[in-house]
There are 2 protein chains.
Amino acid sequence: MAAVTDRRAGILQIIVREYVETAAPVGSRTIHDKYGVPASPATIRHEMQALEEEGLLEQPHTSAGRVPSDLGYRYFVESLMGQADLPVDEQATIRHQFFQAAPELDEWADLAAGLLARSLGLLALVSPPRSRELRVKHLELISLNDLLALLVVVLREARVLKQLVPLDGAFAQADLSLMAARLNERVSGRTASELRLATDAEDANEQRMLETLTGILREESAREAAVRVEGVAGMLGQPEYREDHTSALDIMNLVDQRATERVVPMGSLERGGVSVVIGDENPAFELQHCSVVVAPYGDQADMSGYVALVGPTRMHYGRGVATVRYLSSLLEEMMERVYG
Amino acid sequence: MAAVTDRRAGILQIIVREYVETAAPVGSRTIHDKYGVPASPATIRHEMQALEEEGLLEQPHTSAGRVPSDLGYRYFVESLMGQADLPVDEQATIRHQFFQAAPELDEWADLAAGLLARSLGLLALVSPPRSRELRVKHLELISLNDLLALLVVVLREARVLKQLVPLDGAFAQADLSLMAARLNERVSGRTASELRLATDAEDANEQRMLETLTGILREESAREAAVRVEGVAGMLGQPEYREDHTSALDIMNLVDQRATERVVPMGSLERGGVSVVIGDENPAFELQHCSVVVAPYGDQADMSGYVALVGPTRMHYGRGVATVRYLSSLLEEMMERVYG
DNA sequence: GTTAGCACTCTCGCATGGAGAGTGCTAATC
DNA sequence: GATTAGCACTCTCCATGCGAGAGTGCTAAC
């Protein structure tokens with residue numbers, strides 16, 4: 001069993017790049033002519049055989065060229081691809097757009113997903129950051145009409161939750177503001193779990209508000225983050241799905257069902273870095289012909305989301321990783337800068 | 001040019017129903033055997049020829065059965081389909097889910113889109129209601145840190161907008177609350193355009209807040225409503241897109257680009273009813289092999305959204321119209337009931 | 001007006017047969 | 001031993017042809 005010599009690595013690299021670009025199996029002649037490898041096609045074929053024995057290449061059928069295997073892509077990503085950053089001008093363009101946008105976590109997630117999807121022509125998923133532990137910053141009660149008030153809760157990270165609350169009896173806005181002030185003294189700065197311990201109120205209406213508040217918080221932390229999905233059309237435009245309709249359908253089903261946990265298993269995320277999951281490494285069977293490039297962002301346990309790219313295994317890993325890395329770090333920086 | 005006799009209408013109806021179900025051209029034998037029409041296949045063929053001359057049927061090729069033309073579907077929808085309501089048990093199931101959900105416009109839109117898409121296996125678009133004229137109900141300032149406050153604006157329809165506002169100088173929450181109280185006196189109950197006239201403040205910080213407020217309102221009313229899209233997978237699963245990859249791609253592009261105005265031209269919406277746009281009646285060329293079933297909901301000019309269903313022209317119009325009608329009326333009822 | 005019979009047309013599936021691409025093997029060469 | 005030229009081999013792809021099947025339109029009889 002021969003090792004992966006330098007020349008073989010070079011050939012593998014050429015095959016990956018060429019195949020990513022053309023989506024057609026790569027033959028020895030192309031490698032020789034187009035890339036000027038100083039060896040005859042016959043020699044290159046020898047090397048390709050060796051690479052196939054290593055499990056890094058595959059042949060769709062006897063007389064087609066070679067195609068990288070999942071293992072081949074893995075080798076490419078690990079050892080050949082390098083760690084080039086996004087070109088500075090692209091960085092600047094992206095950065096500019098973020099500073100133009102409204103300083104909103106959800107807005108940023110939208111923007112990031114759109115940029116990522118358009119840049120790669122693939123499926124992008126961005127989850128806005130969620131804190132594990134919701135901490136109340138402030139609370140307000142607004143009278144809508146005689147029977148109905150709106151409870152507005154501002155969380156520490158400037159997120160706003162709201163809930164309609166039926167009232168028994170008429171309350172003027174002034175009464176409600178007073179009640180809100182009293183409640184704020186008790187709840188502001190507290191987390192959901194701290195609140196649960198200290199729910200004792202003299203007034204029935206205040207008691208009700210407190211219960212509503214804990215209800216909202218409980219519901220909110222149970223709710224899955226509304227993941228932004230972009231680039232369905234681009235994904236469907238990939239040549240692999242032009243014929244093979246079923247696998248495209250499977251993927252869309254996965255996305256439609258909001259089963260994003262299966263697409264991006266949060267457990268597998270390496271902190272502070274970009275993870276690449278290639279083909280059959282993927283736990284979800286629908287994605288075993290796909291690769292996922294994903295990076296978490298946000299601080300450790302508290303406010304975290306992720307930026308993910310989903311495409312066929314034949315994707316531009318260099319560009320994908322660079323873009324995902326830049327976006328995740330930019331999102332983190334924006335959060336820091338604005339909400340820090 | 002023969003008229004559309006009763007028997008011909010019956011045959012057209014059978015062809016529509018059969019084709020909608022099987023997606024295969026319908027022949028005279030099928031009509032005779034499966035539907036027990038009291039006429040021989042030869043006679044039925046005669047009638048089908050007449051219907052083809054009327055432009056209501058088409059032949060994919062010489063020796064296939066017939067398929068309804070766009071005009072044929074139009075005739076079916078207009079004269080043959082009837083106006084059956086959704087079965088009461090389905091109504092009850094849907095209703096139940098709405099009352100379970102949080103009383104939020106956006107939440108309802110999500111729910112409606114999901115239900116519609118799943119019920120028909122097609123693409124559903126639901127726009128949450130947007131009021132033309134934004135009216136401020138209440139405003140609040142929350143101190144996040146020394147340099148940053150959060151401006152929270154509650155609109156009359158209980159929608160909440162927010163914006164980060166940088167501060168020059170330190171303000172305690174008490175100061176901000178006081179400022180908010182002063183501002184509320186000036187802005188609450190006002191629309192964006194009314195505010196624009198009356199922006200005069202003594203204090204520089206208050207002036208800034210007022211400007212921020214009008215900015216938010218301007219931005220918000222310029223922003224397109226975030227339309228809920230569901231059922232991509234179901235749509236792609238339709239037999240028409242199994243082969244014809246391009247048109248599926250075109251449709252997804254349209255949806256991805258947020259070009260929902262082209263999918264659902266708001267101008268064409270008939271108030272208080274369900275509109276059906278069939279095939280080439282559609283202004284967007286990407287949708288000329290699709291039909292759109294759409295109903296607006298909400299009160300006249302003020303708070304309005306729509307419920308829309310997009311599918312191939314071969315869709316179950318009866319079920320589609322009934323579901324869209326029920327959902328739009330239910331959404332309107334929910335709005336009335338909760339926000340009245 | 002309706003119907004049976006029949007020839008006709010068109011699609012679909014399948015087999016056939018190059019043409020082309022790319023390989024693996026062998027034997028000669030550096 | 002590594003490299004290379006030469007060549008037979010294999011497999012896909014595409015165009016062609018053919019038969020089966022489906023459904024029609026036409027004609028003539030009822």
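We name chains A, B, ... by the order of the sequence lines, and we start the count at 1 in each one.
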Nucleotide of D/dT4, C/dT2, C/dT3 approaching B/A42 most closely (side-chain heavy atoms) | C/dT3
Distance, rounded to the nearest Å, where A/H46 contributes NE2 and C/dT26 contributes P = 11 Å
Checking A/E281 side chain against A/I278 main chain: does a donor-acceptor pair fall under 3.5 Å?
-> yes
Hey, can you pull the residues of residues 11-19 of chain B with a non-hydrogen atom under 4.0 angstrom from DNA chain C?
-> none
Select base, sugar-phosphate, or nothing to describe what B/T43 touches, counting heavy atoms under 4.0 Å on all strands.
-> base
Only one of A/V255, A/V263, A/D256, A/V126 forms a side-chain contact (heavy atoms from CB on, under 4.5 Å) with A/V229, so which one is it?
-> A/V255
Where the side chain of B/T62 is defined as all heavy atoms beyond and including C-beta, which of C/dC10, D/dG25, D/dT10 is the nearest nucleotide?
-> C/dC10
Nucleotide C/dT23, atom P - distance to CG of A/L51 in whole Å | 13 Å
Where does the angle between the aromatic ring planes of B/H245 and A/H245 fall among parallel (under 30°), tilted (30 to 60°) and perpendicular (over 60°)?
-> perpendicular
Closest to the A/Q49 side chain: C/dT23, D/dT3, C/dC25?
-> C/dC25
Side-chain donor or acceptor of A/R314 paired with backbone N/O of A/V20 under 3.5 Å | yes
Does A/S63 place a side-chain N or O at less than 4.0 Å from the phosphate oxygens OP1/OP2 of C/dG20?
-> no
Would you say the side-chain atoms of A/E18 and A/Y35 include a donor-acceptor pair closer than 3.5 Å?
-> yes
Quickly work out the A/H32 NE2 to D/dA5 C1' distance and round it to whole Å.
-> 12 Å
Output yes when B/E286 and B/R262 qualify as a salt bridge under the 4.0 Å nitrogen-oxygen rule, no when they do not.
-> yes
Interatomic distance where CZ belongs to B/R66 and P belongs to D/dT24 [whole Å] = 6 Å
Of all the nucleotides listed (D/dT4, C/dT2, C/dT23), which has the minimum atom distance to the side chain of A/S40?
-> D/dT4
Atom CD of A/E58 and atom P of D/dC11: how far apart are they, to the nearest Å?
-> 17 Å
Starting at NE2 of A/H61 and ending at P of C/dA21, how long is that distance when rounded to a whole Å?
-> 13 Å
Check the pair A/E54, A/R8 against salt bridge (Lys or Arg N to Asp or Glu O under 4.0 Å), reporting the backbone distance first and the verdict last.
-> CA-CA 11 Å; A/E54 294 291 321; A/R8 283 179 196 161; 5.7 Å; no
Report yes if at least one side-chain N or O of A/R45 is closer than 4.0 Å to OP1 or OP2 of D/dA2; otherwise report no.
-> no
Ignoring the backbone of A/M48, work out which of D/dT4, C/dT23, C/dT9 is nearest its side chain.
-> C/dT23
Separation of C/dG24 C1' from A/R29 CZ (nearest whole Å) = 16 Å
B/Q59 has its side chain closest, among C/dT9, D/dG25, D/dT4, to D/dG25
Rounded distance in Å - CD1 (B/I44) to C1' (C/dA4) = 14 Å
Are a donor atom and an acceptor atom from the side chains of A/S291 and A/Y317 found within less than 3.5 Å of each other?
-> yes
Select from A/P25 and B/P38 the residue whose nearest nucleotide in DNA chain C is closer to the 5' end of that strand.
-> B/P38
